[in-house]
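Reminder, nothing fancy here: chain letters follow the sequence lines and each chain counts from 1.
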Amino acid sequence: MAMTLRLTTAMYARDVARANASTQAGDLAGDGDESLRLAMLRIAASRLCPSPKDLLVGATLTALRGILPPEECSASDVDGDVDGLIASGDLVAGEAFVADQRRALIYQSPPMFVRRSGGAVFMVGGLPETPSPFQSVTRSRGPIRELVPPPSDQDLADEGFTAFPMDAWMASPSPRSDSGLVAELDDRLSAVGNAGQLLDLEIVSPDADPGFYRGRWAAPRRATGRFISRRKRKWGGRAWGYAELVNGEAVKFCTLPVLDGRFRGCDEAWWAMFALDAIKGSRQSLEIHALGETTRLALRLPLPMWAQRRLLAVGTMADARPHGALFAYDLPSAEADEEIAFLADRLWMEPYHPDPG
Amino acid sequence: MCKRGDEWQERLAGHFRTLADRRATGRTVFALEHGLTADELDDLRASAVATFASPSERSRHWLPLAVHAAEVAYDYAGDEYWPSFARKTPGWDPTLAARHEVRETFRRFAREYRGPTPHGLWAEWFTIICWPIANAILPTDLQRQLARALYLAGPGLGQRLDDMAELGRHVAASAWEGSDRFQQLREQPLLLGQIALALLRPDATTDTLLLESTLRRIVTDLESERSAAGWIRHARGALVRSTMHLSGTRIGVDHGPASDLLERVARVAQLTAPEVFLRCDASDMTWGVWLSLPNLSPLADLSPTVREALLGSKCSAPAADTPIARGRLLFDSQDVRLMRWPRAGTPLIRFQGLAAGLESALMRAWAAPETPAVYRVRTDGTGHRVASRVVRAGQDYLVAHETPPDSLRHMANLTRCSGVHVSRIAVPSAIEPRMARTLRDVGCRLSQEASIWPAGVVPVGWDGEGSVEWLASDVPMLGVEVDHELIELSFDLLGTHRETTGRLLAGSTVFITLPQLPVGTHELLVKETPLDGAPTTRQLVIRIREPRRAAGDSGPIRMWPEPYSTDLGQLWAGATTVCIAGPARETDLRFILSTRPAGTPSATVRLSGKVPLGSDEWRALFDRDVRRDDDVASAFDNARWGRVEVDAGPFGSHALEFERSLPSLRWAIARPDKAYTLALSDDSEGPVLPEVAFAAFGRPDDLKPLSGPFVGNSFNADGGGGLYVARRGADQASIVAPPKQRVFRSLDQLKYQAHLAPAPVDPARLRAQFQLLALWSRASLPGNWLASVWRAEAVSLIQGHLIGAICGPKWRDGERAVTEARTPASLRAMAAGLTSPSPATRDHIRAITSGVLEVRGIALERRINDFRQLLSSVNQFADRAWSPISRTRGPGAAAWAAEFYLRLATDADVDSWAGTSMVEGLALAVAWSLPVRVARFLALATMVGSGAAASFQPPFDGWAWR
């Protein structure tokens with residue numbers, strides 16, 4: 001730490017940011033901007049939670065202003081990071097009465113850990129305003145903080161970490177068929193009243209390439225029909241929903257989740273996207289790469305939290321992902337088949353092995 | 001003569017002599033540090049202790065006696081020391097003289113081997129047993145409390161290991177929850193520091209702090225309890241981590257640690273200041289004015305004096321009508337809506353009853369902001385004040401004026417808060433000269449300066465312009481972006497550190513790292529020298545503070561007692577409740593009782609509640625599912641300790657713990673069969689025996705003396721139940737005994753029935769009746785549900801009866817009708833009794849009673865303030881009775897009288913508050929009873945529409961005076 005005032009460059013400022021970030025994230029994998037963003041978001045959470053999502057996003061963006069290029073650190077990126085940390089268990093989405101009104105707030109999870117079947121450990125949550133006690137053995141990969149080598153349960157308990165109960169970690173909604181899921185959503189949407197005026201609505205365009213997630217979101221224009229959608233709330237965050245549109249105007253809007261309150265709106269929206277793709281005859285592809293003892297699974301659509309957590313219980317997020325993939329997970333090959341079958345069954349995915357060439 | 005006893009005496013004398021010589025001066029030697037194995041202790045008991053029946057043997061073998069007494073104390077859990085001692089000391093005669101002998105033994109131990117000398121309030125109450133207990137170092141039930149204190153003290157432990165007294169003070173300051181006996185330990189920082197250091201560094205002690213075998217024993221016992229073991233492990237972990245503490249030259253305006261408590265209070269208050277902010281009400285898009293109250297635990301940590309003052313004084317926000325949840329102040333932050341804009345410089349929070357010096361230290365940092373006040377609109381629908389009033393292009397602001405300037409008068413006022421005009425200003429990205437003028441006119445300072453932000457780490461606070469708060473562990477850095485060309489940009493950290501850039505082009509970004517700054521407030525001056533125009537200098541306020549550890553809570557659930565108390569009896573009686581905040585969901589709760597802290601549960605009740613859970617919801621839940629359960633009620637009678645747990649799903653569980661208060665003079669109740677027995681304990685060991693009196697439920701106003709002896713002898717309570725009072729000097733203990741358990745043949749038998757003698761109107765005799773009322777209201781409650789219901793009825797009955805004596809029988813009849821019907825119509829009928837020949841007085845009554853059904857939502861201070869207007873006619877109606885009050889209290893007389901009238905009508909313990917002025921106050925009330933009727937009218941209004949069980953703290957919910 002400097003002993004006096006010192007002018008510095010953006011490059012050195014980045015080192016300072018990384019040094020601060022390491023108090024929560026340990027060693028940030030590679031030089032990734034995403035890792036630094038996520039680590040700064042964890043610091044924001046440890047200091048500001050319970051907090052509205054936008055405040056966390058704003059505080060993270062401010063801390064990284066001028067340090068990361070704007071194209072690598074937009075509000076939308078950090079907003080997605082919050083979702084990532086909710087899926088990884090670091091943050092919890094909830095509602096609380098603030099000034100007699102229900103408000104969506106983000107909470108920091110208490111210090112907990114998940115031990116994979118192979119013995120590896122990753123940690124979630126933390127104590128407010130307190131650096132992580134395992135900095136020197138923490139390796140951050142995306143939203144996951146793995147401890148290498150893994151400490152014993154006793155070491156973790158000594159530092160106040162409790163095991164995340166596996167039944168809660170592995171919880172998932174009850175299985176449904178693709179058409180059954182969409183039918184349930186249709187029923188719920190039919191039951192809601194008039195939507196009123198909805199601003200900033202985006203829908204999943206049925207005409208877009210299902211292999212390019214970001215490109216699937218579009219303005220409603222003159223669309224008519226029922227669509228997975230999302231809209232910006234007046235104060236705080238994004239609402240995910242299922243909408244009925246007539247000439248681009250929303251006549252009904254059903255805020256997700258409606259089927260299982262344990263999961264987020266985005267989880268239900270992504271689940272429904274998998275189902276709708278399957279019904280249309282273009283099931284989401286599950287790209288499988290055999291890498292010796294490891295099998296890499298690559299996806300082009302975000303996984304609902306319950307599916308992501310299941311993969312993280314046996315494997316890790318991959319350091320590299322195949323071209324065009326949104327996410328990739330490395331699993332021990334011995335356990336890969338079971339997980340592939342799960343994804344094919346519950347998310348109607350189409351497993352395939354690309355040509356090695 | 002016991003030869004074995006002589007051998008033990010000799011061996012222990014040699015052992016303690018060696019220990020005292022080896023241990024540095026100022027460090028205590030404890031009788032528990034005898035170094036004997038379990039077998040040796042058995043032998044000591046079998047040989048030496050067996051001869052204690054003989055005074056001469058006791059005198060010769062005083063060290064075995066000290067060791068034995070300390071061993072008994074090690075298992076002490078705050079209930080009965082002497083019965084336990086007698087059980088383990090066959091043949092010992094439990095006379096007062098024999099007890100004094102035990103004390104003398106320990107005094108000698110203190111003289112000869114530097115044994116501990118207990119002092120503090122607890123030692124004054126428990127004059128003999130405090131000696132063996134102090135020599136037991138850390139009796140088992142205190143071990144958990146110390147472990148928790150060490151856990152909470154975690155972040156600051158590492159820096160204090162070299163100074164035991166400072167370590168002790170720090171641990172004491174972190175542990176403001178705990179029993180009276182733990183409080184005693186907190187009052188002895190050196191001793192506490194010695195024990196704490198031994199527990200934190202068990203490998204490094206080598207007998208210099210505590211005998212290794214004794215320490216091992218304590219640690220083993222402590223770690224056998226799961227949560228205590230976790231707390232200790234965590235505290236030791238914090239020790240390893242805290243080696244990063246900063247040192248070096250202090251710079252800036254921080255002048256080192258403040259030696260004076262008030263100065264320290266003022267400094268910490270600056271770092272925990274309440275904030276006036278704005279919040280958008282989405283229903284009508286207006287902006288409410290809110291006061292954000294910080295978690296005040298950092299202030300409470302400063303000293304027990306400050307803590308007690310914060311917990312004990314009544315807290316209110318003068319600009320708010322809603323009460324402040326005082327219990328929550330030390331656990332969590334909370335927001336309170338302001339109905340009136342607070343005048344600049346006036347206190348944002350008042351603590352009634354706080355020492356003047358303390359209040360002024362707080363007020364210096366907690367005064368209302370000046371207007372115009374500029375608020376930056378955040379994306380979460382809140383507006384936060386920009387202290388510098390600097391606005392920037394492209395941003396949204398709200399500007400608050402007490403009197404809006406002409407340019408804003410035509411704009412709609414965006415708030416319903418009175419006394420302020422709030423306008424919204426969207427600053428365009430390109431600012432025309434006219435717009436710049438307008439902004440200046442409304443009090444904004446248009447930024448033509450570089451944009452500065454805290455970079456590289458998210459600070460704990462940042463107002464967006466000129467005030468930033470970092471943690472001491474952060475590497476602080478600022479980013480600066482210039483939007484116009486500069487010849488140079490210089491930074492000056494209050495004259496001690498300077499740095500200057502060269503020429504900077506418009507659009508450049510530079511970063512500046514700051515040196516290590518000590519905890520406190522610092523100023524950074526940033527000077528811009530532009531290519532054209534004059535240089536400008538701006539000030540950045542930098543605050544550095546230590547991390548704050550929540551009281552054991554992390555994750556999405558927050559729980560706290562409201563109002564603050566950890567007394568199990570208060571929880572049972574409903575005088576304190578449990579509040580839970582967090583994500584809205586159905587939650588499982590458990591209420592556990594045990595005869596020892598964290599001991600085997602004697603009762604466990606599962607409850608289901610919905611988070612967030614407030615005081616009213618808790619009372620309803622607790623009354624329905626806990627207090628009405630006979631088995632739980634019996635378990636409560638024997639319980640020393642209780643715990644409320646909330647299941648936070650995958651995030652584990654959160655808990656609050658409660659202990660029974662055990663003053664030196666106290667009652668215990670038991671129900672061996674259908675009849676209740678009472679036992680009176682007196683640990684003060686004084687020569688004067690307590691006097692005991694009884695008032696039956698059937699005649700609650702008739703307190704009759706009983707003849708004893710009572711101390712140490714249990715006796716059958718009266719079959720009809722009632723109030724038992726024990727008094728010894730200023731000490732007093734009262735308990736409600738339930739009616740004898742019987743089969744009730746009809747619901748009528750459950751109904752409370754009593755007869756009262758006509759109440760006196762002579763103020764002195766009337767005061768005696770109010771004192772009896774206070775005894776009933778303060779009495780400990782047994783678990784029995786009927787006892788608490790009848791107690792509440794008895795209190796209401798006596799109070800109504802006394803009010804009837806002042807206001808007349810017709811008024812009394814009206815009150816009965818409201819109490820039964822609890823309808824607005826029944827209350828309206830009472831309004832006829834609120835008349836006065838004076839039109840002004842009638843106006844005052846109208847003003848006070850308008851919107852009377854909302855009175856519960858209005859803070860007590862505001863109710864008193866509103867009531868004061870009625871006192872403007874006091875000379876006209878009660879001249880002679882008013883004179884002594886006016887003479888004694890001067891300009892504060894009307895405020896006192898207003899509070900007196902309200903308390904008289906609603907507070908069963910008004911006598912404790914009024915003290916020696918009670919008789920004068922009653923004389924005033926008898927002379928002019930109209931304000932009593934108005935006050936009762938307000939009190940009765942809180943009953944309307946409420947079906948609340950009458951079994952909780954009587955007489956009126958919504959008038960929580962203490």
### Nearest non-hydrogen partners of A:V16 and B:V475, listed with the distance
CG1-CG1, 3.8 Å
### Side-chain heavy atoms of A:L55 within contact of B:R378, under 4.5 Å
yes
### Message
Can you give me the closest heavy-atom contact between B:V457 and A:N20, atom names plus distance?
### Response
CB-ND2, 3.4 Å
### Task
Pick one of side chain, backbone, both or neither for A:L48, based on which atoms fall under 4.5 Å of a heavy atom in chain B.
side chain
### Message
With a 4.5 angstrom heavy-atom cut-off, is it the side chain or the backbone of A:T9 that approaches chain B, or both, or neither?
### Response
backbone
### Query
CD1/A:I43 to CG/B:L471 distance, rounded to the nearest 0.5 angstrom?
10.0 Å
### Message
Would the distance check show the side chain of A:R65 and the main-chain N or O of B:G479 forming a donor-acceptor pair, the cut-off being under 3.5 Å?
### Response
no
#### Entry: Minimum-distance pair of heavy atoms, taken over all atoms of B:A455 and A:I67
CB-CD1, 4.3 Å
### Heavy-atom contact with chain B under 4.5 Å, split by part of A:M112
side chain
## Note on the structure
Greatest number of non-hydrogen atom pairs under 4.5 angstrom with chain A, of B:T509, B:T501, B:L524, falls to B:T501
### Region of A:A168 that comes under 4.5 Å of a non-hydrogen atom in chain B
side chain
### Main-chain N/O of B:F511 paired to A:T8 side chain as donor or acceptor, under 3.5 Å
no
### Task
Provide the closest heavy-atom pair for A:E129 versus B:V460 in the form atom of the first, atom of the second, distance.
OE2-CG1, 3.8 Å
### Message
Could you measure the distance from the CG atom of A:D15 to the OG1 atom of B:T513? Nearest 0.5 Å is fine.
### Response
11.5 Å
### Task
Output the distance between atom CG (B:D474) and atom OG1 (A:T23), rounded to the nearest 0.5 Å.
7.5 Å
### Message
Quick check on B:S451 against chain A: is it the side chain, the backbone, both or neither that has a heavy atom closer than 4.5 Å?
### Response
side chain
### Message
How close do A:T62 and B:W453 get, counting heavy atoms only, and between which atoms?
### Response
O-CD1, 3.1 Å
#### Entry: From A:L7 atom CG to B:E499 atom CD, the distance as rounded to the nearest 0.5 Å
4.0 Å
